[in-house]
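Have a look at the structure below before the remarks.
Note that the structure is predicted; figures quoted are calculated from it, not measured. Note on naming: letters A, B, ... go to the chains in the order of the sequence lines (proteins, then strands), and numbering restarts at 1 for each one.
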2 protein chains.
Amino acid sequence: MVAEVDVNEVPHQRPRTRDRILSSASRLFSQNGYEHTPLSHVAREAEVSKALILWHFDSKEDLFRAALSRTLEPYYIDVGDLGTLDEGNQIKKLVDLYAKFVRDNRYSVRFLVDLMIRDSGPAEVLSQVGELYALFRELLTQTIECGRNNGRFRHDVNPTLDAALILTSLDGILMEKFIKDEHSQTTPEGLLEHLKDTALHRLLS
Amino acid sequence: MVAEVDVNEVPHQRPRTRDRILSSASRLFSQNGYEHTPLSHVAREAEVSKALILWHFDSKEDLFRAALSRTLEPYYIDVGDLGTLDEGNQIKKLVDLYAKFVRDNRYSVRFLVDLMIRDSGPAEVLSQVGELYALFRELLTQTIECGRNNGRFRHDVNPTLDAALILTSLDGILMEKFIKDEHSQTTPEGLLEHLKDTALHRLLS
DNA sequence: GTCTATATACAGATAGAC
DNA sequence: GTCTATCTGTATATAGAC
C-alpha cells in the first residue's frame, strides 16, 4: 500500500466554487445593488449554500469588496495610437472612447455612480475609479495643451478648464443613458456629436 | 362662478403629529435614502411609536410617497423677469438659476438623482420631476430660438440640440458636487462660468 | 469544502388596551 | 390617536455533521 500523499493539499486546488460565487456576486451587486442582493440570491445563482459563501468570505461586506474588485478588473481604456491623429481628432477619439467605455460597462458604471453619489462603498475601490477618471482627464488636458503649443488650437484655450468642461459635459450626457426621460427630443448619441462639434469649434483657431 | 370650499367642514383635527412624522420622514429619506431609514428612525425623530406611523400611513411605501411629495413642494424655479435682458444674458441667468436651485435643494436633489438612476421610486413623483426638467429645457430652447430669430445669435444654431447640450453639461457639472474628486483641479463654480462663456461663444454671431 | 439546521437580529406590520 | 406588546418574515451569520 502506497502512502497517500495529497498532492492537492495547498496551491491550485479548485478555486472553482469560490470563483463562481464571486462571478455571481459581481453580476448581482452591479445589477441590483448591495441592499437588493441578499446572500440567498448569490447562493442560488452560484448553486451553493449561503453557509458556503460565508465560509469563503468572512462577511457579506467582505464578499462585496472582493466582487467589486473583480468588477473593476476590465476597467481600463485602451487609447491605441493617438499619435497619428492631429489634436482635434485626438479629442474626438478620446470622447468616443470614453463613451464606448461607459456603454460597454453600463451596469457596473451605473452601480459605481450610485455608490459615489451616496459616498458609500469601500474607499479603496472608489479611489481606484477616481484614478482612472483623473488619468483620462489628464490625457484630455495634455492633448489640448499640445494643440495650443503647436498652434492648431487657439492661443487662449485653458487646457485644465476646457478638459474638465468636456469631461463633465460628457458625464452629463452619459448620465442620460441611466435616466429615462420621455420628454427628451434628443438622443445621447446626437448630443455626443454636438459636444464634439462645439468643443472643437471653441478650441480650433 | 366658482364654488368656495369650506376648509373647516373637514374635522377639526390637529394634523400636528402626522405633520411631524412627514417632516421627519422627508428629511431622513432625503439624507439617508429609503433603504437606510427604518420606520424606527422616523419614529424616534418624530417622537412617536412605530405603530402610530402605520396608523397614519398604510405602509412604509405609502409614507415614502407622501414624504416625497412634500420634498417636492418647494420645487419650482422662479425665473423672474427675463424679458428685460438680451438673449445672451437670459441664458446666463437661466444657468445660474438652475445651479442655485440644485444648491438650495442639495440633499433632496441628490436623493432624486439616486432614485432616477436606479429607476426606483413612485412613478408619478419621478414624472413630476421630469416635467420640471422638461420645462426648464423648453425655456432654454425658446430663448435660443428667440435669439436666433432676432439675429443676436448665429443663424445656424440648433435650439433643441444646443439647449439640451447646455443642460446636460450643467447636470454633469452639478453632479460633481455630489461626488468627491480629490484629483480635480477645478471647482464646480469655475466650470459653471466656463460653461456660460463657451455656450455664448458658440451662440453669439 | 460543502451541506443542513439553527441562532440572532431587526425589519415592517398587526392586535388590542387606553 | 397613541401606546405596548407581539407576530411574521427575512437577513446575516454560526454550529456542527459529513
Verdict with reasoning, A:D181 to B:R137, per salt bridge (charged side-chain N to carboxylate O under 4.0 Å, His left out): CA-CA 12 Å; A:D181 178 357; B:R137 181 171 46 209; 3.2 Å; yes
To the nearest Å, give me how far apart NZ (A:K50) and P (D:dA15) are. 16 Å
Using the ring centroid of each side chain, check whether A:F101 and A:Y76 are separated by less than 6.0 Å. no
Along DNA chain D (nearest heavy atom to each residue), the more 5'-positioned of A:W55 and A:S40: A:S40
Rounded to whole Å, CZ of B:R44 lies from P of C:dC10 at a distance of 12 Å
For atom CD1 of B:I21 and atom P of D:dT2, their distance in whole Å: 7 Å
B:L54 has an atom CG; how far is it from atom C1' of D:dT8, in whole Å? 14 Å
A:K100/A:D78 ion pair, N-O < 4.0 Å: no
Side chain of A:P38: nearest nucleotide among D:dT4, C:dT4, D:dA11? D:dA11
Please classify the nucleic acid contact of B:L39 as base, sugar-phosphate, or nothing, using heavy-atom distances under 4.0 Å. sugar-phosphate
Centroid-to-centroid, A:F64 to A:F29, below 6.0 Å? yes
Would you please confirm or rule out a distance under 4.0 Å between OP1 or OP2 of D:dA11 and any side-chain N or O of A:H41? no
Output the rounded distance in Å from CD1 (B:I53) to C1' (C:dT14). 15 Å
Atom CD of B:E35 to atom P of D:dT12: distance rounded to whole Å? 13 Å
If I take atom CG in residue B:L63 and atom P in nucleotide C:dA11, what distance separates them, rounded to the nearest angstrom? 15 Å
If I take atom CZ in residue A:F57 and atom C1' in nucleotide D:dT14, what distance separates them, rounded to the nearest angstrom? 18 Å
Please pick, from D:dG1, C:dT2, C:dG12, the nucleotide with the shortest atom-to-atom distance to any side-chain atom of A:T17. C:dT2
Is the distance from OP1 or OP2 of D:dT12 to the nearest side-chain N or O of A:S59 less than 4.0 Å? no
How are the rings of B:H201 and A:H201 set to each other: parallel, tilted or perpendicular (split at 30° and 60°)? tilted
Picking from D:dG1, D:dT14, C:dA13, which would you name as closest to the side chain of B:H56? D:dG1
Looking at the side chain of A:K60, which of D:dT12, C:dA5, D:dT2 is the nearest nucleotide? D:dT12
Closest-nucleotide mapping onto DNA chain C: is B:A51 or A:V48 further toward the 5' terminus? I mean the 5' end. A:V48
